[in-house]
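Sequence lines set the chain letters: A, B, ... in the order given, protein chains first and strands last, and positions in each chain run from 1.
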Amino acid sequence: MATDGGNLDTEATTKGNSGNPADGGTTGTAGSQGGGRPDDKGTLSVKPPRGTPDILPDETERWQYIESCARQCLSVAGYREIRVPIFEHTEIFRRGVGETTDIVNKEMYTFTDKSDRSLTLRPEGTAGVVRAYLNGGLHRLPPPVKLWYMGPMFRYERTQTGRQRQFHQVGVEAFGSAGPLIDVEVIMVALACLTAVGLESFELQVNSIGCRVCRPAYRELLKAALEPLLPQLCDDCRERFHRNALRMLDCKSQTCQAHYGQVPASLDHLCLDCQSHWRLLLELLAQQGLAHIVNPRLVRGLDYYTRTVFEILSRDPRLGAQSTVCAGGRYDNLVEMFGGPPTAAVGWALGMERLLLLLGDRIQSHLAAFIVSSSPDRALALANQLRQAGVSCDLDFPAQGVAARSFTKQLQQANKLGAAWAVILGEEELASETVTLKNMASGQQSRIALAELPAHLTRRP
RNA sequence: GCAGCCGUCGCCAAGCGGUUAAGGCCCCGGAUUGUGGUUCCGGUAUACGCGGGUUCGAAUCCCGUCGGCUGCCCCA
């Protein structure tokens with residue numbers, strides 16, 4: 001990318017450029033209307049669509065770090081990876097996530113393909129995993145079936161810190177066990193992932209929102225209690241009252257919250273089964289030493305949740321207005337809703353971008369060796385050999401031609417790239433089948449036989 | 001969808017009606033063609049988001065537009 005990478009203009013302009021708007025095109029507005037691909041100057045804009053930031057090399061290393069932590073934590077806990085499509089038939093999400101949710105009503109990227117099918121970029125992971133679980137016959141496996149996934153999700157939202165239009169989640173879903181023990185395991189695994197990544201202070205909140213037996217009655221009770229308050233509540237809450245009254249409970253408005261203190265809590269109106277599930281859950285959390293806070297106002301924005309719901313939050317200011325890093329719960333009816341056998345399930349998703357925000361500064365890349373040579377072709381051959389031995393190494397690439405640059409230049413390069421060792425392969429070394437190994441931190445160097453090089457480099461400097 | 005703030009080189013950033021539009025970082029070269037990090041010297045850039053208006057004169061003022069950030073809604 002050394003030169004002028006920026007200009008993607010298709011036009012075969014001469015360098016002259018004397019006349020500015022001389023030849024056509026500057027009428028400009030032509031292509032830039034809605035799609036907005038060409039920028040104001042008529043060159044192709046290199047900006048990505050809003051809310052879909054590029055993840056540059058310094059960043060990808062941090063992503064890989066998190067991914068490998070998660071992969072490790074999940075696999076030792078017996079969760080197996082599943083990869084499902086990035087888009088599904090729209091119906092999967094409409095029915096799965098819920099017709100009344102904002103996600104479905106205003107945030108989905110829905111399009112029609114050339115066969116006139118309505119497809120939607122996945123706004124979340126669970127619906128697709130449930131679909132695949134059934135389609136792949138996983139429901140015939142001995143339960144519990146424990147799965148995890150990782151990948152991009154898409155929601156059309158206003159961007160801000162910790163919220164993008166394309167964002168990434170890692171999630172788990174455990175099918176086929178209705179007891180609270182697996183709720184606790186799933187939570188444990190989430191905490192393990194966060195801890196493995198190096199996160200320190202976060203808070204686990206739990207609640208139970210009942211099931212299809214007790215929730216309808218509770219909802220009516222709640223609405224009855226809320227209705228007289230409506231005139232004093234915020235516009236959003238008045239709207240929620242009709243759409244999804246439970247969501248009123250986590251309104252951010254102080255005044256609304258003041259009223260909700262007296263309103264009945266779902267926890268006090270659970271059916272017997274839900275009650276016993278909830279009590280056992282709390283016991284297990286205590287037994288396992290998992291610090292938690294019962295938050296009777298904790299609700300979920302997706303319709304499929306039942307019984308246990310939880311969130312792991314952080315108050316770190318780097319998250320901006322966001323606080324939830326991981327959230328999930330039980331969804332005991334969803335499999336059945338998709339036409340499968342009645343199957344209890346529980347899962348969570350955690351937001352990678354949010355985790356990244358909490359992780360702070362970059363992780364250093366580890367370049368073990370940089371080859372400084374008077375013979376670039378020999379250097380390249382040696383690099384190839386070292387790389388095959390698993391040693392990360394690089395070498396100097398002249399801007400043009402194949403003549404070696406000065407050792408000074410090459411050492412500077414080694415320094416810039418942060419190499420632990422410089423491997424000097426000059427005329428003398430080439431003649432004697434040796435190499436001068438220089439420790440870039442201490443400056444000390446020694447001459448060793450070429451054959452011993454890989455062994456030296458696999459040791460820590 | 002709503003609200004506030006902001007757009008000057010790849011990045012940070014002066015300038016606030018008349019300037020060849022500072023400076024720093026990065027990058028490149030040299031001092032140092034077999035030895036880096038410091039230092040010194042030199043070099044490169046189609047930078048005032050775009051369009052229109054006011055003005056003798058606009059990066060500076062006005063309008064519009066696009067883009068970014070922050071918050072609301074919602075959510076991981």
*Asks:* Go ahead and write out RNA chain B as dot-bracket, 5' to 3': ( ) for pairs within the strand, [ ] for ones crossing earlier pairs, | when the partner sits on another strand, dots for unpaired; Watson-Crick or G-U wobble, both distances under 3.5 Å.
*Replies:* ((((((((.[[[..)..(....]]].(((((.......))))).....[[[[[..)....]]]]])))))))....
*Asks:* Ignoring backbone atoms, establish whether A:Lys409 has a side-chain N or O less than 4.0 Å from OP1 or OP2 of B:G30.
*Replies:* yes
*Asks:* For B:C5 versus B:U39, give the span between their C1' atoms, rounded off to a whole number of Å.
*Replies:* 42 Å
*Asks:* Under 4.0 Å, counting only non-hydrogen atoms across every strand here, what does A:Gln445 touch: a base, just sugar-phosphate, or nothing?
*Replies:* base
*Asks:* Just to be sure I understand the rule, does A:Thr324 reach a base, reach only the sugar-phosphate, or reach nothing, if contact means heavy atoms closer than 4.0 Å?
*Replies:* sugar-phosphate
*Asks:* Please give the distance between the P atoms of B:U55 and B:G43 as a whole number of Å.
*Replies:* 42 Å
*Asks:* Return whichever of A:Ser323 or A:Lys47 has its heavy-atom-nearest nucleotide of RNA chain B closer to the 5' end.
*Replies:* A:Lys47
*Asks:* Can you measure A:Gln412 atom CD to B:C27 atom P for me and round it to whole angstrom units?
*Replies:* 10 Å
*Asks:* So, does A:Arg405 get its side chain near the phosphate of B:G29, meaning an N or O under 4.0 Å from OP1 or OP2?
*Replies:* yes
*Asks:* Quick check on RNA chain B: between A:Lys438 and A:Lys416, whose nearest nucleotide comes earlier from the 5' end?
*Replies:* A:Lys416
*Asks:* Taking the same atom, P, in B:C6 and in B:G42, what whole-Å distance lies between them?
*Replies:* 38 Å
*Asks:* What is the separation between atom CG on A:Asn415 and atom C1' on B:G36, rounded to the nearest whole Å?
*Replies:* 5 Å
*Asks:* Grab the CG-P distance between A:Asp303 and B:C74 for me, whole Å please.
*Replies:* 14 Å
*Asks:* Rounded at 0.5 Å granularity, tell me how far CZ in A:Phe167 sits from CE in A:Met352.
*Replies:* 12.0 Å
*Asks:* Work out how far the P atom of B:C61 is from that of B:C16, and round it to whole angstrom.
*Replies:* 11 Å
*Asks:* Rounded to the nearest 0.5 Å, what's the gap from CG on A:Leu411 to NZ on A:Lys438? Could you check?
*Replies:* 5.0 Å
*Asks:* For RNA chain B, which residues in residues 146-161 of chain A have a heavy atom at a distance below 4.0 Å?
*Replies:* A:Arg155, A:Glu157, A:Arg158, A:Thr159, A:Gln160, A:Thr161
*Asks:* With rounding to the closest Å, how many angstrom separate the C1' atoms on B:G7 and B:G15?
*Replies:* 15 Å
*Asks:* Check this for me: A:Arg83, atom CZ, are more than 12 non-hydrogen atoms of other residues, nucleotides or ligands nearer than 6.0 Å?
*Replies:* no
*Asks:* Are A:Tyr304 and A:Thr126 close enough that a side-chain donor and a side-chain acceptor fall under 3.5 Å?
*Replies:* yes
*Asks:* Applying a 4.0 Å non-hydrogen cut-off, can you work out what A:Gly162 is touching in the nucleic acid: base, sugar-phosphate, or nothing?
*Replies:* base
*Asks:* With rounding to whole Å, what would you report as the distance between B:G24 and B:C69 at their P atoms?
*Replies:* 30 Å
*Asks:* To the nearest Å, give me how far apart CD (A:Gln322) and P (B:U70) are.
*Replies:* 10 Å
*Asks:* As a test of reading the structure: which of B:A76, B:G67, B:G36 is closest to the side chain of A:Leu411, going by heavy atoms?
*Replies:* B:G36
*Asks:* Of the residues in residues 83-108 of chain A, which ones touch RNA chain B at a heavy-atom distance under 4.0 Å?
*Replies:* A:Asp102, A:Lys106, A:Glu107
*Asks:* Could you state the CZ-C1' distance from A:Phe310 to B:C75, rounded to the nearest angstrom?
*Replies:* 15 Å
*Asks:* Any Lys/Arg nitrogen of A:Glu311 or A:Arg300 sitting under 4.0 Å from an Asp/Glu carboxylate oxygen of the other?
*Replies:* yes
